[in-house]
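Here's the structure, in structure tokens; my notes come after.
Predicted model, so just to flag it, every value in this text is computed and none were measured. All residue numbers in this chain count up from 1 along the given sequence.
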Amino acid sequence: GVTRSPFWCSAVLALAACGGAVHAAHDPVSSAPRPLAPHDDGVVMSSAIVAVHALSFAGANGARVNAFLTVPRARGRHPAVLFLHGSGGTREDLLLPAAQLAIRGAVTMTISQPNDAETFRPLVVNARRALDLLAARPDVDRRRFGLVGYSLGAQTAAILAGDELRLKAVAIVAGRGSEAPRYWIARSHADLYFQAGRHDEVVPHRQLLALIAAAPGHPRVDWYDTGHGMSRRSFDDVVQWETSELRLR
């Protein structure tokens, strides 16, 4: 079923309140690099502080990946944070926390993942190529990469946490502890933050616990009196955590 975060539309209000050359990306399931082939469709929302661009790039299996890129207008190198939506979602779903982080000084990207994927492979490949696109930007500090995943995106984020050495701070929201995410999260070198709802009607409680238990060290864990959709407060806490971890203002 559709597990979309309901808070994306407030990004317009958040914005109201307040590239360089792209290289080839290495596809881990391919023997040779493939061009990212980005296409910027222009600014779709803007303020005096940030601008939101609609864009696309070449993803897994030759498909185009649609994205929103939110860029601070301030000069210099900024941390970068990638957002991954849940099953049935789109790049719009997590645009609000992405905009909030951009207002604080991060370059952020939300991408639309395929909702008919039979394995994690295309989801992971698309997310990694999104990180490659961010890393190629002259305004991004490659030492400060963050990742936020919700629901199915949280499982993808858990895999990337153990397989993507560029990541410094990974937030996993309402993530299911299936086999692959558990395997990879155990190998993470990133700082981890788990969020879960005490009344999650989609992911069984034992599955939420299983993913948390698989993580190394002593990650931050917060439980909320919510269902699977979480709450505005939970995503505000994600924004605050990434702000602290990536040394934003």
Quick one: salt bridge (charged side-chain N to carboxylate O under 4.0 Å, His left out) partners of [X], sequence neighbours excluded?
{"X": "D41", "answer": "none"}
{"X": "R144", "answer": "D141"}
{"X": "D222", "answer": "R220"}
{"X": "E245", "answer": "none"}

Considering residues at least two apart in sequence or located in another chain, which fulfil the side chain to side chain donor-acceptor pair (under 3.5 Å) criterion with [X]?
{"X": "S244", "value": "none"}
{"X": "D237", "value": "Y224"}
{"X": "S56", "value": "R64"}
{"X": "T243", "value": "R104"}

Checking [X] side chain against [Y] main chain: does a donor-acceptor pair fall under 3.5 Å?
{"X": "H85", "Y": "Q113", "value": "yes"}
{"X": "T108", "Y": "A98", "value": "yes"}
{"X": "R182", "Y": "L211", "value": "no"}
{"X": "N126", "Y": "G59", "value": "no"}
{"X": "Q195", "Y": "S234", "value": "yes"}
{"X": "R176", "Y": "V202", "value": "yes"}

side-chain contact (heavy atoms from CB on, under 4.5 Å) evaluation trace for V52 with L69 = CA-CA 6 Å; V52 181; L69 176 73; over 6 Å; no
Do you know which two heavy atoms are closest between [X] and [Y], and how far apart they sit?
{"X": "I111", "Y": "A130", "answer": "CG2-CB, 4.1 Å"}
{"X": "A171", "Y": "V238", "answer": "CB-CG1, 4.1 Å"}
{"X": "L134", "Y": "A80", "answer": "CD1-CB, 4.1 Å"}
{"X": "T70", "Y": "A102", "answer": "CG2-CB, 3.3 Å"}
{"X": "S87", "Y": "N115", "answer": "C-OD1, 3.8 Å"}
{"X": "P72", "Y": "G105", "answer": "CG-C, 3.8 Å"}

Listed once per pair and sorted, the ring pair (Phe, Tyr, Trp, His ring centres under 6.0 Å) pairs that draw on residues 169-206, sequence neighbours left out |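 Those involving residues 169-206 are Y193-W241, H205-W223.
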Working to the nearest 0.5 Å, report the span between [atom1] of [X] and [atom2] of [Y].
{"X": "N66", "Y": "E92", "atom1": "CG", "atom2": "CD", "value": "10.5 Å"}
{"X": "F57", "Y": "R129", "atom1": "CZ", "atom2": "CZ", "value": "7.5 Å"}
{"X": "Q100", "Y": "Q240", "atom1": "CD", "atom2": "CD", "value": "10.5 Å"}
{"X": "R232", "Y": "F235", "atom1": "CZ", "atom2": "CZ", "value": "11.0 Å"}
{"X": "I212", "Y": "L192", "atom1": "CD1", "atom2": "CG", "value": "11.0 Å"}
{"X": "L82", "Y": "E164", "atom1": "CG", "atom2": "CD", "value": "10.0 Å"}

Answer whether the closest heavy-atom distance between the side chains of [X] and [Y] falls below 4.5 Å.
{"X": "L55", "Y": "P38", "result": "no"}
{"X": "D93", "Y": "F83", "result": "no"}
{"X": "M109", "Y": "L131", "result": "no"}
{"X": "D191", "Y": "P219", "result": "no"}
{"X": "V148", "Y": "L84", "result": "no"}
{"X": "M45", "Y": "L95", "result": "yes"}
{"X": "Y150", "Y": "L94", "result": "yes"}

Side chains of H228 and S151, donor plus acceptor under 3.5 Å |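 Yes.
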Applying salt bridge (charged side-chain N to carboxylate O under 4.0 Å, His left out), run through D132 and R128 and close with a yes or a no.
-> CA-CA 6 Å; D132 292 338; R128 181 175 286 116; over 6 Å; no
Please list all pairs passing the salt bridge (Lys or Arg N to Asp or Glu O under 4.0 Å) test where one or both residues lie in residues 65-91, with sequence neighbours left out.
->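 As it turns out, there is no salt bridge (Lys or Arg N to Asp or Glu O under 4.0 Å) pair with a partner in residues 65-91 once direct neighbours are skipped.
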Pairs flagged by salt bridge (Lys or Arg N to Asp or Glu O under 4.0 Å) wherever residues 192-217 is involved - sequence neighbours left out =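 Sorted pair list: R198-D225.
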L209 reachable from I185 in the ILVMFWY side-chain graph, under 4.5 Å edges =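 Yes; tracing contacts between hydrophobic side chains, which count when under 4.5 Å, links both residues.
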Give the C-alpha distance, both sets of side-chain angles, the deciding distance and a yes or no for side-chain contact (heavy atoms from CB on, under 4.5 Å) between V173 and M230.
-> CA-CA 8 Å; V173 183; M230 302 303 291; 3.6 Å; yes
Please list, one pair per line, the donor and acceptor atoms closer than 3.5 Å that link side chains of residues 152-161 to other protein atoms, with sequence neighbours excluded.
residue : atom : partner : partner atom : Å
Q155    : OE1  : S178    : OG           : 2.7
T156    : OG1  : L152    : O            : 3.2

Could you walk me through whether H78 and D139 pass the side-chain hydrogen bond (donor to acceptor under 3.5 Å, both in side chains) check?
-> CA-CA 6 Å; H78 309 279; D139 58 353; 5.4 Å; no
